[in-house]
Amino acid sequence: MSGASVKVAVRVRPFNTREINKESKCIIQMQGNITTILNPKNPKDSPKTFSFDHSYWSHTSPEDPSFASQSQVYNDIGKEMLQHSFEGYNVCIFAYGQTGAGKSYTMMGKQDKDHQGIIPQLCEDLFEKINDNSKSDMSYSVEVRANIKSISNGTVAGFPLLRTLRTISRIF
């Protein structure tokens with residue numbers, strides 16, 4: 001669905017310590033862009049199947065051929081967003097899920113290069129592209145704004161990671 005106005009992606013994260021200690025069972029299966037959910041209370045029920053633009057399996061380890069890395073998620077979602085922003089469009093990612101679902105990891109990741117989320121990878125490519133374009137005879141202005149909000153129980157609040165980001169304005 002390249003060029004679509006809205007894309008929907010889902011990602012399954014690995015079990016956390018609590019889930020491992022409770023010997024939880026993964027009830028999600030993914031094949032391509034198809035996500036299937038099994039009923040843990042009644043395994044005989046027909047599974048529920050959904051189709052998304054992207055279904056990312058990150059439940060296992062990077063050794064699994066089906067594993068979706070941070071880089072893969074960025075290449076599928078972030079690069080197209082960056083391209084659209086240079087075409088003059090406003091772009092937005094809406095990360096939705098319950099607490100502990102992996103939204104912050106997908107968006108921000110960790111400091112090391114292999115685990116950076118969409119935002120740091122996008123910023124790196126953005127400023128690389130700006131620097132590459134600054135060599136032309138064309139003069140232009142670039143303004144980058146990042147805003148992260150958390151909505152919980154109907155209350156909108158600044159997200160703690162917002163402190164790590166600033167509104168950046170650069171003129172070339």
Going by the angle between their ring planes, with limits at 30° and 60°, are His59 and Phe15 parallel, tilted or perpendicular? perpendicular
Go through the structure and list residues passing side chain to side chain contact (heavy atoms under 4.5 Å, CB included) with Asn21, not counting sequence neighbours. Thr17
So how far is it from [X] [atom1] to [Y] [atom2], rounded to the nearest 0.5 Å?
| X | Y | atom1 | atom2 | answer |
| --- | --- | --- | --- | --- |
| Ser69 | Asn75 | OG | CG | 7.5 Å |
| Ile118 | Lys79 | CD1 | NZ | 13.0 Å |
| Ser71 | Asp76 | OG | CG | 9.0 Å |
| Gln116 | Met108 | CD | CE | 9.0 Å |
| Met107 | Leu122 | CE | CG | 8.5 Å |

Minimum heavy-atom distance between [X] and [Y], given as atom pair plus value:
| X | Y | answer |
| --- | --- | --- |
| Pro43 | Lys41 | CD-C, 3.8 Å |
| Pro120 | Gly117 | CD-O, 3.3 Å |
| Pro14 | Ser58 | CD-O, 3.1 Å |

Treating Arg13 as the side-chain partner and Thr106 as the backbone partner, does any N or O pair qualify as donor plus acceptor under 3.5 Å? no
Examine distances only and state if a side-chain atom of Arg11 and a backbone atom of Val73 form a donor-acceptor pair shorter than 3.5 Å. no
Residues that Tyr56 engages under ring-ring contact (aromatic ring centres under 6.0 Å, His included), provided they are two or more places apart: His54
Count the heavy atoms of every other residue, nucleotide or ligand shown that sit under 6.0 Å from CG of Asn90, and state whether that count exceeds 12. no
Kindly determine whether Tyr74 and Leu82 satisfy side-chain contact (heavy atoms from CB on, under 4.5 Å), including the steps that lead there. CA-CA 10 Å; Tyr74 172 70; Leu82 181 60; 4.1 Å; yes
Connected hydrophobic set around Tyr89, excluding itself, where side chains approach under 4.5 Å: none
If you group Ile, Leu, Val, Met, Phe, Trp and Tyr whenever their side-chain heavy atoms sit less than 4.5 Å apart, what else falls in with Phe67? none
Qualifying salt bridge (charged side-chain N to carboxylate O under 4.0 Å, His left out) pairs with a residue from residues 85-113, counting only residues at least two apart or across chains: Lys113-Glu124
Examine Val10 and Tyr105 and state if one hydrophobic cluster contains both, with Ile, Leu, Val, Met, Phe, Trp and Tyr joined whenever side-chain heavy atoms are less than 4.5 Å apart. no
Contacts table for residues 23-38: side-chain donor-acceptor under 3.5 angstrom, sequence neighbours left out:
unit_1	atom_1	unit_2	atom_2	d
Ser24	OG	Glu19	O	3.1
Asn33	ND2	Phe52	O	3.0
Thr35	OG1	Ser55	OG	2.7

State, with a plain yes or no, whether a side-chain heavy atom of Trp57 is found less than 4.5 Å away from one of Asp64. yes
Are Ile77 and Lys7 side-chain neighbours, meaning at least one heavy-atom pair lies under 4.5 Å? no
